[in-house]
Peer 1: 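A single structure is presented below for examination.
Just so we're clear, the structure is a prediction, and the values are computed from it rather than from any experiment. Excluded from the calculations below are hydrogen atoms, water molecules and symmetry mates; all remaining heavy atoms, backbone and side chain alike, are included.
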Amino acid sequence: MTKHRVGLIWFENDLRTDDHPLLHHAAQECQQLICLYCVNPKWFQPNRYGLRSMGELRWQFLQQSLADLDNQLQTLGQRLFVSYEAPLHAVAKLIAEFGVDAIYRSHQSGAYERHYFDIVRERYPFLDYVQDDTTTLFERAQLQHIMPSQAESFPASFSKFRKYVESNNLRPAIKAPLPAPASLSPKPARLNCSTVQPPATPNENSPFSGGSAVGQQHIEGYFKSNAAQHYKTTRNALDTWQHSTKFSPWLADGSVSARQVLAQLDQHEARQGANESTYWIFFELLWREYFHWYAQHYGNLVFAAGGIQGHRPTTSFYPGRFQKWCQGNTPYPIVNACMKQLNATGYISNRGRQLVASCFVHELGLDWRYGAAYFEQQLVDYDVAANWGNWQYLAGVGADPRGHRWFDLGKQTAMYDPKREFIERWQGDDHEQHLDHSDAADWPIR
């Protein structure tokens, strides 16, 4: 076994010590270890859409998760080093100052995150690099026939991916989650790790708190109840805590792993029985899984206007419409209620996301990428693969064989908010009468 003098584990969306195989590798192979997380300054600066990648509530959740990870690492004899520099600068400085000779990092679904890692590997070819699949249910070897590197065989739709998993009986092959290692090698003595502080006065509107401890407690509580037995019939509720799993925030930053969720689901089925609703939770985990391999396969096309289909939808840029959608100030009360809920809490239900995205693309005629970018900024459970993959799917430029998804907002309101209680709670009827405004200042000057 290779013994590295100084190893660096580069945390990203794997903020836990349980079910983290890279920690076991590092514990066995390194004399000293640096546990790094990079808070990229770009997240807080305007991006190409005039938005930030990291909104207030998402940042609050992340800070809580980092503080929890630091606490976990301390029980193993380690600390978390949080850098507020760009990742390439932070990694370069640690390599130079501490003589890092091995880097441990989870496989990433995001194209930009993979690009950063590729640059490091090109600049430092003399280092050892160890990667593992910690964010997905499956390891890439288990999906060897539909691997991202084999373009001709990657499933063109979720249905094909699901049938591949089920026809090959792959669910039992998913590995059981690992416990945390007993201990980790110490950090270099000269590395100063300041305490990670969550917000002193967190925004109380968010129903979520970050960190593995809270996430595990929530998941265990959910599966000890009988909520999973009725999940399929209640999951489309717009504003009820217990009617859907609410696992997504902790899955998104890796405070818990998909395998940990599946293990709890298996235990629940053994105790209370398996039915269509418990299967549907696995079904939703498979959707998440599909989009993670989808993002790894398609790379930058996940962010392209024409998506993976290569044909750009007919849209225009209406800044007024975009702002009204963001604010929940459209002619569509159900959409307004969902957007006001999102802005206040950092979360909306899956059904709500479909409705506001359908409105954005079809009723408002806007470029779907701006909607996806706004979700990136606002959602506590933002996941690069699921977010951009789902927006492509709905906009008709992704993996949907039907081409696009349009939701009749009146019909959806009658189905999911027949008494308009959700609309009333979030003041969806409070909006301007006109969608567009004409102003002389808007006319181009020749």
Side-chain angles (χ1 to χ4, degrees), residues 9 11-29 65 68-69 72-73 75-76 104-109 130-147 161-162 164-184 211-225 227-229 231 245 247-248 250-275 277-293 383:
I9 180 162
F11 284 98
E12 290 189 87
N13 56 345
D14 50 356
L15 305 182
R16 61 185 186 275
T17 56
D18 289 323
D19 196 31
H20 205 312
L22 290 172
L23 287 179
H24 289 266
H25 290 304
Q28 296 172 9
E29 298 169 359
S65 294
D68 183 80
L69 176 59
Q72 294 176 64
L73 290 171
T75 66
L76 305 179
Y104 300 81
R105 184 174 178 269
S106 298
H107 285 290
Q108 297 296 310
S109 300
V130 183
Q131 290 190 274
D132 211 326
D133 297 301
T134 69
T135 63
T136 51
L137 291 170
F138 299 107
E139 296 177 327
R140 56 199 59 232
Q142 295 174 301
L143 302 176
Q144 57 183 329
H145 299 299
I146 54 171
M147 284 293 292
F161 175 77
R162 177 180 59 82
Y164 175 85
V165 169
E166 294 181 344
S167 64
N168 288 279
N169 195 29
L170 292 183
R171 179 171 174 175
I174 297 170
K175 290 187 174 181
L178 289 169
S183 63
L184 291 171
S212 286
V214 179
Q216 287 289 357
Q217 182 181 19
H218 170 67
I219 292 167
E220 290 172 7
Y222 179 85
F223 283 121
K224 285 179 180 177
S225 74
Q229 295 290 310
Y231 170 75
T245 67
F247 299 157
S248 56
W250 296 284
L251 282 169
D253 72 5
S255 296
V256 299
S257 72
R259 293 169 190 160
Q260 288 175 304
V261 173
L262 181 60
Q264 291 284 339
L265 172 61
D266 289 341
Q267 292 175 27
H268 172 90
E269 289 181 330
R271 290 191 307 267
Q272 299 192 39
N275 61 21
S277 283
T278 61
Y279 166 77
W280 213 257
I281 295 175
F282 177 66
F283 180 89
E284 299 289 3
L285 287 173
L286 280 187
W287 258 114
R288 176 186 181 275
E289 187 80 4
Y290 175 67
F291 278 130
H292 273 259
W293 295 108
D383 174 300

Peer 1: For the backbone of T135 and the side chain of H107, can you confirm whether one donor and one acceptor N or O come within less than 3.5 Å of each other?
Peer 2: no
Peer 1: Do side-chain atoms of N275 reach the backbone of T278 as a donor and acceptor pair under 3.5 angstrom?
Peer 2: yes
Peer 1: Do the two ring centres, one from Y104 and one from H25, sit under 6.0 Å apart?
Peer 2: no
Peer 1: With side chains defined as the heavy atoms from C-beta onward, is the minimum distance between I9 and L184 less than 4.5 Å?
Peer 2: no
Peer 1: Give the intermediate values and the outcome of side chain to side chain contact (heavy atoms under 4.5 Å, CB included) for residues D133 and W293.
Peer 2: CA-CA 11 Å; D133 297 301; W293 295 108; 4.0 Å; yes
Peer 1: Where is the tightest heavy-atom contact between E29 and V130, given as atom of each residue plus distance?
Peer 2: OE1-CG2, 4.5 Å
Peer 1: Please tell me if the side chains of D18 and Q260 come closer than 4.5 Å, counting only heavy atoms from C-beta onward.
Peer 2: yes
Peer 1: Does Q264 use its side chain to pair, donor to acceptor, with the backbone of E220 at less than 3.5 Å?
Peer 2: no
Peer 1: Report the C-alpha distance between E166 and R162 in whole Å, list the side-chain angles of each, state the deciding distance to 0.1 Å, and finish with yes or no for salt bridge (Lys or Arg N to Asp or Glu O under 4.0 Å).
Peer 2: CA-CA 6 Å; E166 294 181 344; R162 177 180 59 82; 3.2 Å; yes
Peer 1: Do F138 and K175 make a side-chain contact, defined as non-hydrogen atoms from C-beta onward lying under 4.5 Å apart?
Peer 2: no
Peer 1: Specify whether F161 and Y290 have parallel, tilted or perpendicular ring planes, treating 30° as the upper limit for parallel and 60° as the lower limit for perpendicular.
Peer 2: tilted
Peer 1: If you take all heavy atoms of L76 and P181, which pair is closest and at what distance?
Peer 2: CD2-O, 3.2 Å
Peer 1: Consider side-chain hydrogen bond (donor to acceptor under 3.5 Å, both in side chains). Of T134, D19, T136, which one does S257 pass it with?
Peer 2: D19
Peer 1: Can you check whether R288 reaches D383 side chain to side chain, under 4.5 Å on heavy atoms?
Peer 2: yes
Peer 1: Cationic tip of R171 within the cone over F282's six-membered ring, i.e. under 6.0 Å and within 45° of the normal?
Peer 2: yes
Peer 1: Would you say S106's side chain and D14's backbone share a donor-acceptor pair under 3.5 angstrom?
Peer 2: no
Peer 1: Is there a side-chain contact between Y222 and I281, using heavy atoms and a 4.5 Å cut-off?
Peer 2: yes
Peer 1: Taking the ring centre of each residue, are F223 and H218 less than 6.0 Å apart?
Peer 2: no
Peer 1: Side chain of R16, backbone of G254: donor and acceptor closer than 3.5 Å?
Peer 2: yes
Peer 1: Under a 4.0 Å threshold between the charged nitrogen and the carboxylate oxygen, would D132 count as salt-bridged to R140?
Peer 2: no
Peer 1: I'd like to know whether CD of Q217 has more than 12 heavy-atom contacts from other residues, nucleotides or ligands below 6.0 angstrom.
Peer 2: no
Peer 1: Do any N or O atoms from the side chain of R105 and from the backbone of Q131 form a donor-acceptor pair under 3.5 angstrom?
Peer 2: no
